[in-house]
Amino acid sequence: MCPSDAGERRRVALEGRRRRAATCCALLWLAAAAGCGGLSAPQFRLNMEDIIRETPDKDPDEFRITGREREQVRQGLLEEMRREKDPQKIEQLEANFGAALDAGTEEVLKLKRDKIKKLKILNTALVALFGTPDEPYVFPESGLDIKKIRLAAGPAQTVNSNVRRGLYRQHCVHCHGISGDGAGPTAVFLNPYPRDYRQGKFKFKSTEFAAKPTDADLLHTLTEGIPGTAMPSFKLLPLDEREALVEYVKYLSMRGEVELAMARYLFVDEEDLELSRSTLVEFLAESAESWSSAAEHVVRPQTQPAHVAATDPAEKARLLAESIERGRKLFAGEKAACVKCHGPTGLGDSEDKLYDDWNKDKDPEKFGAEAATWVLPRQQLRPRNLRLGIYRGGRRPLDLFRRIYTGIYGGPMPGAGPSPGREATLSEEEIWSVVDYIRSLPYEGQVAVPPPRQLTQRSRQSGSLP
Amino acid sequence: MLRHCTLICLATVLLLSAGGTARGQKWGDLKGRFVLDGTAPPPVELDVNKDQEVCGKEKMFSEELVVGDGNGLANVFIYVVLERNQKIAIHPDYEAVAKEERVLDNVNCHFVPHAQTVWLRQTLLLKNSDPVAHNSKIDPLGDTPTNPLIPAGGQVPWQFKKSQGLPQTVTCSIHGWMKAWVLPLDHPYAAVSGPDGSFEIKNVPVGEHTFQLWHERSGYLMGAAQQKDGKLVLSVKPKTAATKVTKKSSQVKLKIAEGVNDVGQEIKVSLSYFEGR
């Protein structure tokens, strides 16, 4: 068929545009939530990955109108337009095309309609609680500081503009993404991927296993970066800007946690969410509390290794050597069992099927063709190679103590310290010995016995208890 | 609005069980047995790639679908689902049960039992009877997660704080094939079918309750209740590929009478529930 008359041509052009718009919507999962506003102000996107993974049927198509289903409805509507001869009615049909498409698809999909409606409610609730990337908003109950958040939010400013704003989009967004999903445009090229803040899980911190990081922890991460990963140091930014960014990370994380709590309520418990202030605050409260109480959960060892207290250099060296030897035995034994993952020589080569919490459920077998659409494919997590002396959570003995004591949250490495109601698997003294052993690993084999001077220097550092 | 069982709810349960139950409350036991309707596919052998001396003693198979004697279907969860703010009377005998620990043991590098329920008043004891180290990684939805290292012969008590709608997994990161299911609930009216498919829930308050049926491989099972010759009979509706099973549509209301309610010794679960995954 040749589109000879102008009306027909216009119709074909329109159709093309709509087709693009339709696919864009389907892909962004926003058909249901925010509408497809084109290039207007950026929006936070819904965390569909986690919602799907946590929903009992784990079927992505449950939450959206699939391209094929939409196409069927679209064809139906176009057919109707072709049959119509009255130009005024055609005009009308064209004007209402989007709405008719939505209505039509929903009609076809009665069961999905409920879930899609709930996605809209979820999105509305989140906008009410947190605003948008350009216009952030926080409830006083969140405990967040809106002034700091405003400094970090919004579009990145040009160099010669003297308005300070948009720090997050200037410094972090290309890795961590506008929604804090760890899936910015650079992310796919990185290993490990940038942190997805939305589950409220952070790995490198001073607090107990499942506790939130303190502000100081996040500031430390920002200031020092994470050695051995793409996460850079932002030492050169003024302190108030780094603090604003810390607040913004907490804001994105809290938003993500509240989103997941609501999504569980809507899709796992299959309840209805009432959009009242008190309900919203109830969902917010739990996350807010965990953030504001983080400092109460800092892990502080009660003891120091014996060699730190010793003053005589020879005695110090002897005690350290003893401690390292004890650490070596523990590391390889059934009590501490580090060897199971980190390998007999500490190369991190004993376990090759580990994933962290962001990747463990991304089983391509379970998700079939859907897996091909993931922005970030499943990524393995290697146990750390301890011979390199590069530690992501800091290299001070205290940092390593905390890693072993609590384990690493969000990943498979277990904790050896006490938990409520139980004695520790390893005593503090034993953990310090394992720390001494780990710190000796990068030098092992290079020199049989490390020269005493180096030892004393290192032991002095290890005295840096809080 | 109470989303999860918070402390308030826990306190209510405590109050109720500590003599708050109405005098004259009558109780009934619920029992029955699930069977697989069809021939179970052969179990999948697991890849045991570590600690062979302990873990590799016997061939190990996936416990995703366990069928025992007389085609008994094991590991079906059956439990009372409460409405928001709904309370349920707790029989005085459960006072002793509350003090019993639930145990999740590591034996020859697999979790024993494979599936169980825990009342929030109970402690789950994570135990390791093996001569090798294990860890138990638990990430209950919306509840505090944990991942303790458990040395050979060691044990770690764990307290869930939230009632869940569905069983949660426990895994061991050191031995990647290990997996167990635990369902924390804010009441004790729950059971998991044993190796022969049978289950029993003691002392349920007489009256109508909503029950959920769930199996790890199939997800929700669609329960249906009938009165036959004055007796309560439970069945599981057959499923086709096109059937959409939701939480609500799969729940079944059972009217518990005083005494023993045997709802069937051959509650058939069609094979189609376990196919196509």
Side-chain angles (χ1 to χ4, degrees), chain A residues 54 56-59 62 111 114 201 209-211 257 260-262 264-265 268-271 273-274 276 278-279 282-283 286 333-341 350-355 357 360 366 404 406-426, chain B residues 1-4 6 47 49-51 54 81 83-84 123 125-126 128 130-139 141-159 163-166 169 171-177 214 219-220 244-251 277:
Chain A
E54 292 189 355
D57 37 22
K58 300 194 175 18
D59 181 359
E62 280 295 300
L111 242 181
D114 180 48
K201 292 183 177 181
F209 180 67
E257 280 191 296
L260 276 179
M262 286 180 174
R264 282 167 193 152
Y265 188 69
V268 183
D269 301 343
E270 295 182 20
E271 297 285 351
L273 186 75
E274 187 197 333
S276 70
S278 60
T279 309
E282 203 179 318
F283 278 99
E286 205 169 330
E334 282 303 336
K335 196 167 171 196
C338 318
V339 65
K340 307 274 156 141
C341 295
S350 254
E351 179 56 68
D352 59 357
K353 286 204 189 73
L354 294 178
Y355 301 93
D357 289 359
K360 67 174 181 184
K366 243 188 239 157
I404 299 167
T406 64
I408 298 179
Y409 189 32
M413 171 146 152
S419 53
R422 77 130 177 185
E423 304 262 299
T425 297
L426 300 182
Chain B
M1 180 202 66
L2 265 177
R3 285 181 290 128
H4 308 287
T6 53
D47 176 20
N49 57 354
K50 219 188 249 177
D51 289 326
V54 176
V81 182
E83 291 284 308
R84 231 189 284 157
T123 300
L125 193 64
L126 305 165
N128 180 5
D130 277 341
V132 296
H134 289 289
N135 66 302
S136 294
K137 187 165 176 359
I138 313 180
D139 302 279
L141 284 192
D143 196 355
T144 315
T146 189
N147 185 10
L149 177 68
I150 315 173
Q155 57 183 47
V156 179
W158 185 246
Q159 195 71 53
S163 194
Q164 296 281 343
L166 285 172
T169 56
T171 55
C172 171
S173 323
I174 299 176
H175 308 99
W177 62 85
W214 188 90
Y220 298 125
K244 275 296 342 148
V245 191
T246 66
K247 174 176 169 170
K248 294 271 154 72
S249 75
S250 65
Q251 290 174 346
R277 261 261 215 126

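Note that these values count all heavy atoms, side chains included, but never hydrogens, waters or copies made by symmetry. Note that the structure is a prediction, hence the values are computed from the model and not measured. Letters A, B, ... are given to chains in the order of the sequence lines, protein chains preceding strands, and every chain is numbered from 1.
At least one side-chain heavy atom of B/K247 sits under 4.5 Å from a side-chain heavy atom of A/D269.
Comment: A/K360 engages B/D139 in a salt bridge, judged by a side-chain N to carboxylate O separation of less than 4.0 angstrom.
With chain A as the partner, the residue from B/P131, B/G165, B/P145 showing the most heavy-atom pairs under 4.5 Å is B/P145. Top candidate by heavy-atom pairs under 4.5 Å with chain B, chosen from A/C341, A/G411, A/G333, A/A337, is A/G411. Between chain A and the residues B/G154, B/S136, B/P151, the most heavy-atom pairs under 4.5 angstrom are made by B/P151. Interface summary for chain A: among B/V245, B/V132, B/T171, the most heavy-atom pairs under 4.5 angstrom belong to B/V132. Annotation: maximal heavy-atom pairing with chain B below 4.5 Å, among A/T406, A/V268, A/L426, occurs at A/V268.
At least one donor-acceptor pair closer than 3.5 Å links the side chain of B/K248 to the backbone N or O of A/E270. Using modelled atom types, one side-chain atom of B/N147 and one backbone atom of A/P412 make a donor-acceptor pair closer than 3.5 Å.
Only the side chain of A/Y409 comes within contact range of chain B, with heavy atoms under 4.5 Å apart. With a 4.5 Å cut-off on non-hydrogen atoms, B/D47 touches chain A through its side chain but not through its backbone. Looking at B/L166, the atoms closer than 4.5 Å to chain A (heavy atoms on both sides) all sit in the side chain, from C-beta outward. For chain B, the nearby parts of A/K335 are the backbone and the side chain; heavy atoms of each come within less than 4.5 Å.
Closest non-hydrogen pair, A/A336 versus B/L149, comes out as O-CD2, 3.2 Å. Minimum interatomic distance between A/A210 and B/T144 (heavy atoms only, all atoms of both residues): CB-CG2, 4.1 Å.
To the nearest 0.5 angstrom, A/K340 atom NZ is 7.5 Å from B/K50 atom NZ.
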Assess whether side chain to side chain contact (heavy atoms under 4.5 Å, CB included) is satisfied between A/D357 and B/K137, documenting all intermediate values. CA-CA 11 Å; A/D357 289 359; B/K137 187 165 176 359; 2.9 Å; yes

Could you go step by step and tell me if B/I150 and A/T425 meet the side chain to side chain contact (heavy atoms under 4.5 Å, CB included) rule? CA-CA 7 Å; B/I150 315 173; A/T425 297; 5.9 Å; no

